[in-house]
Amino acid sequence: MSLQKPRGTQDFLPQDVEKWHYIESKARDICRRFQYNEIRTPIFEHTELFQRGVGETTDIVEKEMYTFLDKSERSLTLRPEGTAGVVRAYVENKLHGAVDVQKLYYMGPMFRYERSMAGRYRQFHQFGIEAIGSADPAIDAEVIALGYLFYEEMGLRNVRVELNSVGTPQCREQYREALRQFFQPNLDKLCKDCQSRFERNPMRILDCKVDGEYCQGAPSILEFLDEESEQHFLKVQQALTAMGIPFNINPGLVRGLDYYTHTAFEYMADGIGSITTIGGGGRYNGLVGQIGGQDKPGVGLGLGLERLLLIMEAQQIGVPPQNPIEIYVVGLGEEAEARATALVFELRKAGISAERDYLQRKMKGQLKAADRLEAAYVAILGEDELARGEIVVKTMATGHQESFALEQFVQQMFVILKSRSPQHL
RNA sequence: GCGGUCGUGGCGAAGUGGCUAACGCAUCGGAUUGUGGCUCCGACAUUCGAGGGUUCAAUUCCCUUCGAUCGCCCCA
């Protein structure tokens with residue numbers, strides 16, 4: 001095969017898209033209840049937006065961006081995450097002028113040039129929310145709660161919330177320095193990776209699976225929080241507790257984007273190789289100012305939908321069928337088939353999902369197809385029925401069948417289908 | 001970016017330096033002239049990811065390349 005999809009991309013076939021529709025409708029519904037409204041921003045932005053927003057020294061900006069020049073030599077980049085674009089749109093469209101906190105959500109593809117593996121793609125999809133305009137810890141908790149409830153309503157089991165505060169940039173700098181001092185004496189005993197983390201991002205050493213023993217007694221970020229950060233963190237915890245959202249304080253939690261302040265959190269789930277993080281987020285006071293607006297505090301989250309799908313599969317969580325066939329019309333013989341074409345169209349006009357055979361199969365084959373496609377009813381139209389001005393309707397689940405007058409068929413099917421429980425409609 | 005494993009029909013999966021490339025599922029046809037799910041019978045890969053090389057002969061050996069997957073790194 002000479003033409004293949006680019007590495008790290010996926011084709012979503014109809015049975016996959018069915019799952020996507022389901023997830024998306026659940027996401028939209030939860031946003032409706034939490035009063036978040038959808039925003040759609042461009043798939044590509046000026047490269048500078050991400051450099052400034054996500055941070056020059058992050059892995060994302062340093063080596064994972066899909067950056068290209070357009071025909072006018074502008075440097076553009078396919079968005080690697082959702083927040084920067086939303087914040088840019090917030091600033092550019094002066095949404096700060098609105099009466100209330102802006103509560104926004106988005107869903108769509110993101111792009112990062114990385115080695116692909118299970119649950120990690122170069123084009124992947126996120127559902128995210130952003131609340132801009134309030135520094136109230138209650139809204140941090142609301143954001144965390146929305147994500148938690150979303151996973152819960154999707155049927156996921158054993159989702160954990162890991163929570164941390166990374167304080168202000170000043171707290172963090174002091175903390176990094178303290179960590180370097182702590183690890184300095186054992187620096188040559190740390191694993192190769194951690195030695196490189198030492199300069200770049202000493203907070204990550206705490207995550208290391210190899211050097212656990214050297215982390216004993218390491219200072220915690222929480223000791224370096226200033227009074228205000230500490231209060232904020234406490235109130236987030238209180239709000240979560242009040243809502244009954246379980247969480248686990250993890251002082252080692254560090255996120256991969258530079259813009260986080262105070263609250264940082266991740267959702268974790270088991271069962272997909274080495275990947276356990278399925279979503280995360282945090283507060284980003286200062287980002288709006290950095291993008292060029294009047295400074296406004298914000299908080300948000302991003303959930304990886306491929307990873308959600310992976311966990312759903314691992315936990316065998318099914319998706320209700322999205323487009324079942326209500327009536328399959330079997331036409332036998334030339335005249336009946338011509339009539340079947342018209343009947344199917346009439347049914348469809350009446351709002352019924354109807355299908356027929358297009359492969360010239362015999363009766364048996366058509367019924368088999370109807371069975372496989374899980375049609376609720378089959379309508380059989382042959383020479384005999386045609387001569388009598390009738391059509392036979394068979395209920396597939398029971399095998400029961402009866403004759404209807406051809407003239408009243410569509411009307412009667414409409415009534416029958418309407419009287420059934422909504423899940424079959 | 002580094003290291004390991006892998007790539008055979010729609011799907012799953014055996015296999016061998018040479019004779020028609022097992023088998024299972026699915027599909028199609030028949031047994032059952034117009035009635036699905038069960039059973040039985042039959043059909044279904046000039047071809048083994050792509051390109052090149054070695055050879056009388058390659059799906060099998062070698063090289064390159066593309067892709068998948070696992071671990072590291074990092075993350076969603």
Side-chain angles (χ1 to χ4, degrees), chain A residues 1-11 13 15 54 57-64 79-83 107-128 147 191-197 200-201 204 207-210 253-257 266-269 272-281 301-311 328 330-333 336 357 359-386 391-401:
Chain A
M1 208 176 307
S2 59
L3 281 181
Q4 299 174 281
K5 61 189 177 307
R7 186 169 207 166
T9 63
Q10 303 179 87
D11 292 318
L13 306 178
Q15 65 265 33
V54 177
T57 62
T58 57
D59 276 10
I60 292 179
V61 170
E62 276 182 352
K63 49 190 194 194
E64 296 174 1
R79 63 183 186 192
E81 57 94 56
T83 303
M107 270 185 279
M110 308 292 164
F111 305 84
R112 291 184 202 172
Y113 189 88
E114 284 188 279
R115 194 84 143 79
S116 60
M117 0 186 311
R120 178 192 285 184
Y121 299 92
R122 291 182 172 181
Q123 174 174 336
F124 62 101
H125 297 77
Q126 284 190 333
F127 157 47
C191 70
K192 238 179 31 225
D193 296 325
C194 284
Q195 296 193 6
S196 80
R197 287 173 181 141
R200 209 159 35 96
N201 197 345
R204 288 230 171 261
D207 271 345
C208 183
K209 289 139 200 143
V210 185
L253 176 69
V254 183
R255 308 226 68 237
L257 303 107
E266 282 184 6
Y267 302 98
M268 319 268 273
I272 40 174
S274 63
I275 297 157
T276 51
T277 300
I278 54 177
L301 61 70
L303 311 182
L305 298 184
E306 279 81 359
R307 288 184 187 183
L308 169 61
L309 240 15
L310 216 52
I311 304 248
Y328 193 97
V330 172
L332 301 166
D357 172 75
L359 295 171
Q360 286 78 48
R361 279 181 290 219
K362 313 240 167 64
M363 173 93 154
K364 187 186 166 90
Q366 294 194 38
L367 269 170
K368 216 171 160 186
D371 185 47
R372 270 202 317 269
L373 295 167
E374 294 179 46
Y377 295 95
V378 167
I380 301 165
L381 187 65
E383 318 265 303
D384 301 355
E385 288 78 12
L386 216 47
I391 186 163
V392 171
V393 173
K394 175 167 183 156
T395 307
M396 290 301 271
T398 62
H400 170 81
Q401 56 185 56

Counting the atoms with a prime plus P, OP1 and OP2 as sugar-phosphate, which does [X] contact under 4.0 Å by heavy atoms, base, sugar-phosphate, or nothing?
X	answer
A:Glu81	nothing
A:Glu383	base
A:Glu114	base
A:Gln123	nothing
A:Gly365	nothing

Can you figure out which of [options] approaches the side chain of [X] most closely?
X	options	answer
A:Ser116	B:U69, B:C74, B:G29	B:U69
A:Met117	B:G71, B:G36, B:G34	B:G71
A:Arg307	B:C74, B:C75, B:G34	B:C75
A:Tyr113	B:G1, B:G34, B:C28	B:G1
A:Lys394	B:U35, B:G71, B:A76	B:U35

Heavy-atom contacts, protein to nucleotides 2-7 of chain B, under 4.0 Å, summarised as B (base), S (sugar-phosphate only) or - (none) per nt, yield BB----

What pairs with A:Tyr328 under ring pair (Phe, Tyr, Trp, His ring centres under 6.0 Å), at least two apart in sequence or on another chain?
->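 Residues passing ring pair (Phe, Tyr, Trp, His ring centres under 6.0 Å) with A:Tyr328: none at all.
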
Might you list the N or O atoms of the protein lying below 3.5 Å from N or O atoms in nucleotides 39-41 of chain B, with each pair's distance?
none

Sorted by chain and number, sequence neighbours left out, side chain to side chain contact (heavy atoms under 4.5 Å, CB included) with A:Glu114 holds for A:Glu64, A:Arg112, A:Arg120

Could you tell me whether A:Glu374 atom CD has more than 12 heavy atoms of other residues or ligands within 6.0 Å of it?
-> no

For RNA chain B, whose closest nucleotide is more 5', that of A:Lys362 or that of A:Met396?
-> A:Lys362

Residue whose nearest RNA chain B nucleotide is more 5′ - A:Gly8 or A:Glu64 |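 This one resolves to A:Gly8.
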
When the distance from CE of A:Met363 to P of B:G36 is rounded to whole Å, what number comes out?
->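 From A:Met363 CE to B:G36 P: 8 Å.
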
Round to the nearest Å and state the distance from A:Arg122 atom CZ to B:A68 atom C1'.
-> 13 Å

OP1 or OP2 of B:C28 sitting under 4.0 Å from any side-chain N/O of A:Arg372?
-> yes

Salt bridge (Lys or Arg N to Asp or Glu O under 4.0 Å) partners of A:Glu81, counting only residues at least two apart |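 Residues passing salt bridge (Lys or Arg N to Asp or Glu O under 4.0 Å) with A:Glu81: none at all.
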
NZ or CZ of A:Arg122 within 45° of A:Tyr113 ring axis and under 6.0 Å | yes

Give RNA chain B the dot-bracket treatment, 5' to 3': Watson-Crick (N1-N3 with N6-O4 or O6-N4) or G-U (N1-O2, O6-N3) under 3.5 Å, [ ] crossing, | other strand.
-> (((((((..(((.....[....))).(((((.......))))).....(((((..]....))))))))))))....

